[in-house]
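The basis for the numbers below is simple: all heavy atoms, side chains too, and nothing from hydrogens, waters or symmetry mates. Each chain gets a letter, A, B and so on, in the order the sequences are listed, and its residues count up from 1.
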Amino acid sequence: MKYNHTEIEKKWQEFWVVNKTFRTPDFNEIDKEKPKFYVLDMFPYPSGDGLHVGHPEGYTATDIVARFKRMNNYNVLHPMGWDAFGLPTEQFALKTGIHPKIRTAECVARFRGQLQSIGLSYDWDREVNTSDEKFFRWTQWIFLKLYNSFYDDEAGKAKPLSELKIPEGLDEAGKREFIDSQRLAYLSDGPVNWSPELGTVLANDEVAEQIEKGNTVVRRNMKQWKLRITKYADRLLHGLDELDWPANLKEMQRNWIGRSEGAMIKFKIESENLGDGRYIEVFTTRPDTIFGATYMVLAPEHPLVSEITTSENLNTVDEYILAAAKKSDLERQELSKEKTGAFTGAFAINPANNKRIPVLISDYVLVSYGTGAIMSVPGHDERDMEFAKKFNLEIVPVCIPADFKDTAFKIIKAEDGSEIIMSGPGLGYIEGKSDNVFHKFLEQTKKGETCFTGEGYAINSGFLNGLTTADAKKKIISWVEENKLGKKSVNYKLRDWLFSRQRYWGEPFPIIHFNDNDAAALNESELPLVLPETDSYKPSGTGESPLANLKDWVNITDEKTGRKVKRETNTMPQLAGSSWYFLRFIDPLNSETFCDKEKEKYWMPVDLYIGGTEHAVGHLLYARFWQKFLFDLGYAYYEEPFRKLFNQGMVLGEDGQKMSKSKGNVINPDDVIAQYGADSLRLFEMFMGPLEATKPWSTAGIEGMNRFLKRIWRLIIDEETGNLKPNITDEEPEIRLNKLLHFTIKKITHDISDLDMKFNTSIAQMMIFVNELYKAEKISRKILNQFVLLLSPFAPHIAEELWRRLGNQYSVSYEQWPRYEEELAKADMVTVVFSVNGKLRGKKELQPDLSDKELEQEALDDQNVIKHIMGKEVVKIIVVKNKMVNIVVR
RNA sequence: GCCGAAAUGGCGGAACUGGUAGACGCGCCGGACUCAAAAUCCGGUGAGCCUUAAACUCGUAAGGGUUCGAGUCCCUUUUUCGGCACCA
């Protein structure tokens with residue numbers, strides 16, 4: 001009876017389903033004394049294409065860990081669900097008229113079937129679907145919590161609006177405006193990323209991906225919902241420190257959050273249009289270079305532009321603003337080589353040296369970062385220098401590299417102990433040395449040929465002269481603070497999360513509008529607010545969602561007030577549901593709350609989370625944000641959701657190229673399973689290399705895996721009779737094989753429990769073990785039992801089958817993971833190598849743990865070693881226990 | 001441009017804190033079984049020294065360094081991949 005993967009896999013998959021083998025018991029049933037392990041895959045979007053071989057890679061890895069932990073007496077939570085709201089399904093509906101709900105159900109059924117055919121040990125009783133109203137009811141609920149909360153900066157956490165202190169003396173409208181300005185979910189009118197092809201706006205992290213797909217993204221002013229994630233910027237940044245995440249991923253989040261320290265400084269405006277006491281405020285990370293600020297630049301959209309522009313310059317400025325407005329963000333960046341701008345006719349006063357400097361506008365200054373205005377230091381900022389050269393603005397060097405320190409100034413100790421700093425162009429000559437390199441540096445900077453952006457020492461900077469950049473920063477900041485011209489300040493690149501989309505297939509907002517600037521939230525009891533039925537998913541054409549066309553649904557009468565109101569017609573982004581789905585798995589059926597806190601306390605945080613890097617700054621940042629928010633309000637026990645994160649690499653086509661339909665190199669896991677079986681697929685996915693690496697698929701490789709499984713089968717089963725091989729005995733194991741078994745147990749146990757996800761070496765060790773078993777005349781059943789258990793997390797179907805055939809009962813899934821004895825896992829002979837001057841000259845099998853003296857003697861007795869040290873002086877002998885002896889001769 | 005990761009046989013990849021480079025698999029070569037083939041089993045397989053064995057030399061992208069000893073540590077360069085990119 002030959003190894004029949006199809007039959008065996010079908011049999012055991014059915015067994016697992018019927019027996020609910022992998023069901024994680026309800027919270028009140030589990031033994032809470034046992035340790036827990038929550039192992040999670042990034043849940044997929046159930047697309048029409050089905051799974052590709054990239055999916056099972058991460059899923060198999062987590063499955064191995066889940067199965068291993070179960071066998072090690074952990075309570076394991078290993079769930080799967082569907083990130084089911086999303087644009088492709090809606091576009092499919094537009095094309096075919098098939099309702100997204102129906103399409104989603106089809107795709108989910110297909111995906112679930114495929115996942116089950118891989119033999120993944122999910123608890124299907126906990127399956128969630130973000131587009132299911134029982135699920136998104138709670139997405140809407142969290143949104144309401146955000147809407148009804150504010151961030152208390154002093155306490156450093158979010159609180160319900162009921163605790164918000166409202167300033168006195170406000171009328172009703174003023175109060176409302178104030179409260180709205182504090183909500184963590186708020187409506188904001190301003191420029192957003194709009195994609196005409198998609199008919200929707202996009203969040204910043206989605207823009208790059210959509211452009212790559214060939215969609216255009218333009219800037220457009222629209223009123224949109226945003227979530228105030230920026231309030232959490234610092235906590236999101238610092239929280240990273242304690243997480244066991246890949247360094248590059250943490251770095252990506254840090255970059256995305258983009259914290260920079262510097263100062264806000266006010267520059268007084270001099271304009272014919274404006275009276276005294278008006279200022280331009282700038283943010284700078286280099287306040288120490290303020291003496292070199294020779295002009296200012298405002299973003300074209302800066303509100304002060306219209307006020308300060310003089311009549312003489314009005315036309316050019318207006319033209320420029322218009323031209324800039326027409327450019328998309330992308331165009332602005334692409335044209336970055338050539339700086340453009342216009343003079344406003346206004347001047348400002350540099351507070352450091354009271355110089356009168358011109359104020360210009362340019363689109364290289366972004367309105368959305370800092371204050372939308374900069375002080376320009378062309379000597380020490382490349383962008384400013386480019387602009388200064390183009391517009392013939394003065395460049396003053398105010399910072400020099402440390403190398404020039406001694407030439408640029410001299411610090412003399414005065415009699416009273418204070419320091420006198422001598423500086424000036426002539427210093428080098430006074431000292432009796434002329435430094436051409438230094439003067440060349442100054443000249444080149446003034447001409448715009450050199451731009452030193454590093455840190456060094458201040459020159460031409462009045463009271464900052466001679467200070468290091470760090471000291472100069474401190475000094476100038478305390479100076480502006482004393483003079484009430486500014487303060488130390490921190491800025492972030494992170495923007496608030498654009499949270500609304502003009503789509504049908506998403507969570508509706510539980511919001512009604514009385515008029516343009518007066519909205520109200522539904523009560524929690526009114527949730528879920530379900531999607532209205534329709535057969536038209538076409539965008540309204542006005543930049544509103546398809547829901548806007550459904551007049552009966554949109555226009556309603558508010559029961560509380562009796563007023564006619566309109567429903568919010570936007571829907572939430574796909575990343576809403578994925579920001580908290582991992583909590584729902586803990587308590588998927590709860591209809592009282594999104595997740596019971598006691599259960600969350602037990603199961604969270606996720607102990608191992610595996611997915612691709614593409615979610616580095618989107619999903620992973622938003623999920624952390626929501627977790628922190630729920631923590632602040634006391635709904636969650638933990639502040640960080642994912643303790644250990646691992647990024648799986650990409651699986652390339654056999655040609656080493658990215659898999660794509662157009663290249664015709666796509667491997668379909670269904671075909672692979674049909675031909676070689678799920679166990680071969682699983683094993684090969686893990687054998688290809690470390691999980692994080694990008695590596696090509698190989699048909700020859702999977703054939704090899706299939707061969708390995710057949711070899712295991714024949715080792716145990718007589719293909720002629722279908723019975724156990726006659727050489728399997730009930731005797732005690734042969735010592736040699738037993739030692740190798742223990743070594744193998746140790747190797748695999750470490751490979752899985754260190755969570756480095758390098759299972760290729762575990763499989764290699766199993767192969768070594770099987771090769772050795774083939775050489776044995778008799779094999780003890782005990783050894784085979786243990787081996788099958790070792791194999792089971794990797795290739796569970798064949799393991800279950802062999803386990804039964806070896807005469808065992810029940811499933812391998814909850815058997816005790818094999819233990820190893822350290823003594824047995826040790827080799828009984830070690831190979832010690834002898835080298836002379838670092839070159840290998842001989843080796844010998846020796847007993848372990850010989851003394852240094854004994855090893856030394858062994859080396860000196862070696863014929864080849866003798867040949868190489870003959871007639872030479874032995875300088876020194878280095879002995880590494882159990883490893884090597886190196887003889888150094890002269 | 002900046003930041004990060006990587007580069008090892010014909011291929012995928014091993015090598016724990018510096019200590020036998022190339023585990024394991026694929027491919028290839030040889031043998032056994034067979035009328036023959038497939039499958040299977042056994043053996044070999046970094047390069048060079050005309051063949052073989054021993055011995056020797058070279059060899060982990062390139063060059064240099066530290067060390068008794070470097071794939072591993074340090075410096076320089078090249079290439080590949082990933083991320084960021086007017087964020088003041």
Side-chain angles (χ1 to χ4, degrees), chain A residues 2 208 246-252 254-256 258-260 262 282-287 289 293 297 332-333 335-337 339 362-366 368-377 380-384 386-387 453 491-495 613-614 616-617 647 649-650 656 683-684 687-690 692-705 707-708 710-711 714 719 750 754 758 760-768 771 774-775 831-843 863-864 867-868 875-889:
Chain A
K2 288 194 172 169
N248 64 326
L249 204 120
K250 285 194 193 183
E251 202 52 33
M252 272 191 236
R254 287 196 187 101
N255 285 338
W256 190 259
R259 182 182 202 271
S260 46
V282 301
F283 173 74
T284 175
T285 54
R286 288 298 297 269
T289 62
V297 186
R332 277 193 178 195
Q333 282 171 27
L335 297 173
S336 65
K337 298 244 159 64
K339 291 265 183 293
S362 172
D363 62 6
Y364 86 88
V365 174
L366 306 175
S368 50
Y369 183 77
T371 61
I374 60 161
M375 67 174 206
S376 220
V377 185
H380 304 286
D381 183 289
E382 281 171 14
R383 299 152 301 179
D384 293 347
E386 259 178 68
F387 189 80
T453 57
N491 245 285
Y492 299 93
K493 281 201 263 186
L494 184 70
R495 302 292 139 80
T613 352
E614 65 272 21
V617 292
N647 288 125
M650 233 191 323
L683 229 34
F684 182 62
F687 192 68
M688 284 192 289
E692 72 271 21
T694 299
K695 57 241 150 181
W697 184 259
S698 158
T699 301
I702 190 150
E703 276 169 9
M705 274 311 124
R707 244 185 329 249
F708 174 54
K710 284 185 195 158
R711 212 166 136 80
R714 282 193 309 266
E719 287 193 319
H750 284 307
D754 69 11
K758 290 186 179 171
N760 49 339
T761 53
S762 306
I763 296 167
Q765 185 57 40
M766 286 192 263
M767 288 171 168
I768 292 170
N771 289 344
Y774 259 82
K775 289 173 192 156
T831 312
V832 177
V833 302
F834 309 135
S835 58
V836 178
N837 284 352
K839 279 196 167 43
L840 182 72
R841 299 301 177 191
K843 52 180 131 181
Q863 285 306 311
N864 201 35
K867 221 164 86 187
H868 282 91
V875 182
K876 159 155 112 169
I877 301 180
I878 292 131
V879 180
V880 181
K881 211 172 179 189
N882 293 337
K883 286 255 165 74
M884 56 103 59
V885 179
N886 187 22
I887 301 165
V888 186
V889 296

(request) Identify the two heavy atoms, one from A:Val889 and one from A:Asn837, that lie closest to each other, and give their separation to 0.1 Å. (result) N-OD1, 2.9 Å
(request) Could you give the distance separating B:rU72 and B:rU17 at their C1' atoms, to the nearest angstrom? (result) 11 Å
(request) Let me know the distance between CE of A:Met705 and P of B:rG13, rounded to the nearest Å. (result) 13 Å
(message) For the CD atom on A:Glu614, are there more than 12 heavy atoms of other groups (residues, nucleotides or ligands in this structure) within a distance under 6.0 Å?
(response) yes
(message) Say we look at B:rC26 and B:rC33: how far apart would their P atoms be, to the nearest angstrom?
(response) 23 Å
(request) May I have the distance from A:Phe708 (atom CZ) to B:rG25 (atom C1'), rounded to whole angstrom? (result) 10 Å
(message) Using the side-chain heavy atoms of A:Lys493, tell me which of these nucleotides is nearest: B:rU20, B:rC84, B:rG25.
(response) B:rC84
(message) For a quick test of reading the model: is some side-chain N or O of A:Asn760 closer than 4.0 Å to OP1 or OP2 of B:rA14?
(response) yes
(message) Once salt bridge (Lys or Arg N to Asp or Glu O under 4.0 Å) is applied, do any residues pair with A:Lys250, and if so which ones, sequence neighbours excluded?
(response) none
(request) For A:Ser698, report the nucleic acid contact type (base, sugar-phosphate, nothing); a contact means any heavy atom under 4.0 Å. (result) nothing
(request) From the options B:rC3, B:rC26, B:rU20, select the nucleotide whose nearest atom is closest to the side chain of A:Glu251. (result) B:rC3
(request) Can you tell me, in whole Å, how much space there is between the P of B:rG12 and that of B:rG27? (result) 15 Å
(request) Let me know the distance between CD1 of A:Ile768 and P of B:rA15, rounded to the nearest Å. (result) 12 Å
Please write out the pairs of protein N or O atoms and N or O atoms of nucleotides 64-69 of chain B separated by less than 3.5 Å, giving the distance to one decimal.
residue : atom : partner  : partner atom : Å
B:rC68  : O2'  : A:Asn886 : ND2          : 3.3
B:rC68  : O2   : A:Asn886 : ND2          : 2.4

(request) Can you sort out the partners of A:Asp384 under side chain to side chain donor-acceptor pair (under 3.5 Å), two or more places apart, ordered by chain and number? (result) A:Tyr364, A:Ser376
Protein and nucleotides 5-12 of chain B: nitrogen or oxygen contacts under 3.5 angstrom:
residue : atom : partner  : partner atom : Å
B:rG12  : O2'  : A:Met688 : O            : 2.8

(message) Under 4.0 Å, counting only non-hydrogen atoms across every strand here, what does A:Gly258 touch: a base, just sugar-phosphate, or nothing?
(response) nothing
(message) If I pick the P atom on B:rA5 and the same atom on B:rU60, what distance separates them, to the nearest angstrom?
(response) 23 Å
(request) For residues A:Pro246 and A:Asn647, report the shortest heavy-atom separation together with the two atoms involved. (result) CG-OD1, 3.6 Å
(request) With sequence neighbours excluded, tell me which residues meet side chain to side chain donor-acceptor pair (under 3.5 Å) with A:Ser762. (result) A:Asp751
(message) Side chain of A:Ile374, heavy atoms from C-beta onward: which of B:rG83, B:rC86, B:rA88 has the nearest atom to it?
(response) B:rA88
(message) With a 4.5 Å cut-off on side-chain heavy atoms, are A:His868 and A:Ile887 touching?
(response) no
(request) Please determine if a side-chain N or O atom of A:Asn771 lies less than 4.0 Å away from the OP1 or OP2 oxygen of B:rG25. (result) yes
(request) Could you measure between the two C1' atoms, the one in B:rA15 and the one in B:rU8, and give it in whole Å? (result) 10 Å
(request) Quote, to the nearest angstrom, the C1' distance that separates B:rU45 from B:rA36. (result) 27 Å
What nitrogen or oxygen pairs link the protein and nucleotides 37-40 of chain B at under 3.5 Å?
residue : atom : partner  : partner atom : Å
B:rU40  : O3'  : A:Arg714 : NH2          : 2.9

(message) Run the ring pair (Phe, Tyr, Trp, His ring centres under 6.0 Å) test against A:Trp697 and tell me which residues pass, sequence neighbours left out.
(response) A:Phe684
(request) Taking only the side-chain heavy atoms of A:Lys883 (C-beta and beyond), determine which of B:rG19, B:rA88, B:rA14 contains the nearest atom. (result) B:rG19
(request) Produce a footprint string for nucleotides 53-58 of chain B: one letter per nucleotide, 5' end first; B if the base is under 4.0 Å from any protein heavy atom, S if only the sugar-phosphate is, - if neither. (result) --SSSS
(message) Can you list everything that forms a side chain to side chain donor-acceptor pair (under 3.5 Å) with A:Arg714? Sequence neighbours excluded, please.
(response) none
(message) Go nucleotide by nucleotide along RNA chain B from the 5' end; which of A:Ala247 and A:Lys758 gets its closest nucleotide reached first?
(response) A:Ala247
(request) Please work out if A:Pro246 contacts a base, only the sugar-phosphate, or nothing of the nucleic acid, heavy-atom cut-off 4.0 Å. (result) nothing
(request) Measure across A:Tyr369 and A:Tyr492 and return the closest heavy-atom pair with its distance rounded to 0.1 Å. (result) CE1-O, 3.5 Å
(request) Return the value, rounded to whole Å, for the distance between atom CD of A:Glu692 and atom P of B:rG13. (result) 11 Å
(request) Please state how far atom CG in A:Asp381 lies from atom P in B:rC2, giving the value in whole angstrom units. (result) 15 Å
(message) Taking 4.0 Å as the cut-off, does a side-chain nitrogen or oxygen of A:Tyr364 come that near to OP1 or OP2 on B:rA88?
(response) no
(message) Which residues pass the salt bridge (Lys or Arg N to Asp or Glu O under 4.0 Å) test with A:Arg259, not counting sequence neighbours?
(response) A:Asp234, A:Glu261
(message) Once you apply a heavy-atom cut-off of 4.0 Å, does A:Asp384 come out as touching a base, just sugar-phosphate, or nothing?
(response) nothing
(message) Starting the side chain at C-beta, find the nucleotide from B:rA88, B:rG25, B:rA14 nearest to A:Thr285.
(response) B:rA88
(request) Let me know, please, whether A:Val617 or A:Thr371 comes out on the 5' side of the other along RNA chain B by nearest nucleotide. (result) A:Val617
(message) Using atom P in both nucleotides, what's the gap between B:rC2 and B:rU67 to the nearest angstrom?
(response) 32 Å
(message) Using side-chain heavy atoms (C-beta onward) and a distance below 4.5 Å, is A:Ser368 in contact with A:Arg495?
(response) yes
(message) Within 90° of 0 counts as syn, otherwise anti: where does B:rG13 fall?
(response) anti
(request) Could you pull out all residues at least two apart from A:Lys775 that satisfy side chain to side chain donor-acceptor pair (under 3.5 Å)? (result) A:Glu772
(request) Can you tell me which stems RNA chain B forms, taking runs of 3 or more consecutive Watson-Crick or G-U pairs with both distances under 3.5 Å? (result) B:1-7 with B:78-84, B:10-12 with B:24-26, B:27-32 with B:40-45, B:46-48 with B:56-58, B:61-65 with B:73-77
(message) Using every non-hydrogen atom in the two residues, find where A:Arg841 and A:Asn864 come nearest and quote the distance to one decimal.
(response) O-ND2, 2.7 Å
(request) Taking the side chain as every heavy atom from C-beta outward, state whether A:Met705 and A:Met767 have any atom pair closer than 4.5 Å. (result) yes
(request) Spell out, as yes or no, whether a donor-acceptor pair under 3.5 Å connects the side chain of A:Lys493 to the backbone of A:Ser260. (result) no
(message) Tell me the interatomic distance from A:Phe684, atom CZ, to B:rG25, atom C1', rounded to whole angstroms.
(response) 9 Å
(message) Without decimals, in angstroms, what is the distance between A:Arg254 CZ and B:rC3 P?
(response) 16 Å
(message) Regarding A:Thr613, tell me which of base, sugar-phosphate or nothing describes its non-hydrogen contacts under 4.0 Å with the strands shown.
(response) nothing
(message) Tell me the interatomic distance from A:Lys250, atom NZ, to B:rG83, atom C1', rounded to whole angstroms.
(response) 17 Å
(request) With C1' as the reference atom in both, quote the distance from B:rU78 to B:rG19 in angstrom, rounded to an integer. (result) 30 Å
(request) Write down the atom of A:Phe387, the atom of A:Val297, and the distance for their closest heavy-atom approach. (result) CE2-CG2, 4.2 Å
